[in-house]
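Let me begin by presenting the structure, written as structure tokens, before commenting on it.
These numbers were taken from a predicted model, which means no experiment stands behind them. The figures here come from the full heavy-atom set of this structure, side chains too, leaving out hydrogens, waters and symmetry mates.
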Number of protein chains: 2
Amino acid sequence: MIGRQEADSIERRSGVSLWRQIADRILQAIATGDFAENAALPPEVALAERYGVNRHTVRSAISALVQEGVLRAEQGRGTFVLSRKRLSYPIGARTRFSTGLQGQTSERHIVLLSSSVEPASQRVAEGLGLARATEVIRLETRGEADGRPVSRAAGWFDARRFAGIDKAMAETGSITASLARFGIDDYLRQSTVLSARHADAADLADLDLQPGAIVLVTVAVNITPDGRPIQFSESRFPAERVELKLSAL
Amino acid sequence: MIGRQEADSIERRSGVSLWRQIADRILQAIATGDFAENAALPPEVALAERYGVNRHTVRSAISALVQEGVLRAEQGRGTFVLSRKRLSYPIGARTRFSTGLQGQTSERHIVLLSSSVEPASQRVAEGLGLARATEVIRLETRGEADGRPVSRAAGWFDARRFAGIDKAMAETGSITASLARFGIDDYLRQSTVLSARHADAADLADLDLQPGAIVLVTVAVNITPDGRPIQFSESRFPAERVELKLSAL
DNA sequence: TATAGTTGTCTATATCAATAGACAAATTTA
DNA sequence: TAAATTTGTCTATTGATATAGACAACTATA
């Protein structure tokens with residue numbers, strides 16, 4: 001078995017600058033444990049050799065990661081990895097924000113950013129099994145763990161059945177608790193469709209990301225145990241901070 | 001609700017060139033149906049206006065997508081979207097390659113690229129519940145649908161229990177059929193961990209991608225119905241061609 | 001057959017990205 | 001303290017990226 005040459009994975013003239021590619025590689029190396037947390041990175045000249053680029057190019061990558069708060073550089077000493085393990089966000093029949101991250105973070109909560117009432121779009125109507133343009137309530141939320149944004153979601157609910165869920169959400173800070181007020185003490189994940197793309201400007205702002213970052217996108221439908229759709233949602237997760245763990249159900 | 005300004009999502013000095021960002025945006029617009037298949041794209045000057053860049057920059061993006069086979073440009077007429085819907089790859093308790101894509105493609109199969117015997121790495125050993133460095137068989141495969149690569153996977157099996165599975169795989173072209181030869185007529189997905197990253201050089205070659213593309217990565221363990229681990233796998237999917245559908249299990 | 005609309009090609013210029021080399025500044029080690 | 005190691009800063013040069021404008025080539029339409 002031939003070992004994978006590191007330098008091979010750097011692509012020139014790709015529309016993605018070398019320093020951004022190398023920053024990605026370093027993030028990946030940290031995520032996989034190749035570069036240990038709280039330890040020093042190899043010196044710049046060694047990294048330059050390893051990736052087959054100039055030392056200054058490595059410095060550009062490092063300075064971007066220092067900006068992001070991933071690394072700390074100290075003149076004369078070295079460059080150090082700050083601890084930032086990727087959260088493992090569980091997805092399964094009973095996907096819940098808070099319970100899923102238990103044990104991985106000391107603090108976690110959902111912030112309600114805004115709510116509105118709007119006619120259901122094609123896909124929302126389909127997901128909820130409603131007629132097109134039926135009124136739905138839309139909740140825009142951000143999930144945070146240890147002070148860092150880990151998700152950004154939009155959720156849609158039938159406006160007739162869940163009138164006031166925006167208020168409940170604002171008060172409880174929990175989808176589960178809000179649904180409980182409407183007599184729903186259990187719900188299941190019916191379907192989840194997953195994709196990935198580059199972060200757009202909204203993602204960058206909402207999730208505190210740097211340009212070029214990747215977001216995981218899930219589109220999901222939650223149903224009651226007897227099969228009635230209650231929530232349609234689209235969530236975005238920063239790939240550098242979150243991985244999705246699809247649990248056996 | 002304020003409409004999302006298109007031009008906002010283009011980031012300058014991000015380490016990702018504008019033409020690559022715009023190419024991504026166009027791919028996304030096609031995926032969401034904003035730009036219909038087989039129809040003409042807006043003219044270059046309109047796109048330049050829409051994204052807030054020079055016409056030549058749009059042309060760079062378009063020419064990259066023409067290279068990728070996503071678009072076809074015709075002088076004097078316009079630039080047209082070729083049909084290439086994203087495959088929806090189901091993941092659930094009974095994840096199987098061929099059955100999952102039924103109906104979406106006219107043709108699909110798995111190619112065995114190589115096989116080898118090696119000592120289990122840390123994570124493979126953990127996944128299969130074996131002692132570190134136990135011998136395992138590794139199968140490198142590529143999934144293809146309608147002649148296009150849609151997945152690239154490595155699978156590990158206990159070498160003692162599954163001696164000869166490489167041969168079975170080469171003959172049958174199916175993991176399910178190969179496992180059947182070892183008396184396993186059913187197996188379940190125990191766990192799946194999902195992440196996303198930029199394609200590296202190996203991905204580009206294996207999956208026929210252009211630099212800057214995104215891959216979805218799953219790391220999974222399959223078990224027998226009575227709970228014994230049989231397969232550890234890491235799969236990579238081109239995000240521009242595949243989405244993962246996490247089915248209710 | 002004009003005319004308008006579209007993609008294709010060319011020149012020129014400015015900025016960003018990457019390489020190269022030299023040396024300063026800070027820290028650790030011998 | 002001296003030497004070695006490492007990050008920080010500076011100058012210079014080259015190639016890729018992005019903008020700007022003009023015009024050619026081709027297509028569809030009035």
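- In this entry the distance linking CH2 of Trp19(B) with P of dT19(D) reads 14 Å, nearest Å.
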Contact state string [nucleotides 3-13 of chain D, B base, S sugar-phosphate only, - no protein heavy atom under 4.0 Å]:
---BBBBB---
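- The shortest distance between the side-chain N/O atoms of Asn54(B) and the OP1/OP2 oxygens of dA18(D) is not below 4.0 Å.
- What separates CZ of Arg72(A) from P of dA26(C) is a distance of 18 Å, to the nearest Å.
- Annotation for Arg55(A) and Val45(A): closest pair CD-CG1, 4.2 Å, computed over non-hydrogen atoms.
- Under the side-chain hydrogen bond (donor to acceptor under 3.5 Å, both in side chains) criterion, the residue pairs touching residues 126-136 of chain B are Gln122(B)-Glu126(B), with sequence neighbours excluded.
- Scanning for side chain to side chain contact (heavy atoms under 4.5 Å, CB included) contacts around Ala120(A) gives Val124(A), Ala125(A), Val136(A), with sequence neighbours left out.
- Using a 3.5 Å distance cut-off with no hydrogens or angles, the side chains of Gln21(A) and His198(B) do not pair a donor with an acceptor.
- Contact check, Thr57(B) against dT19(D): a side-chain N or O comes under 4.0 Å of OP1 or OP2.
- Atom CD of Gln21(B) is separated from atom P of dT17(D) by 13 Å (rounded to the nearest Å).
- Neither side chain, Glu234(A) nor Trp156(A), offers a donor N or O lying under 3.5 Å from an acceptor on the other.
- A salt bridge does not link Glu243(A) to Lys245(A): none of the charged nitrogens lies less than 4.0 Å from a carboxylate oxygen.
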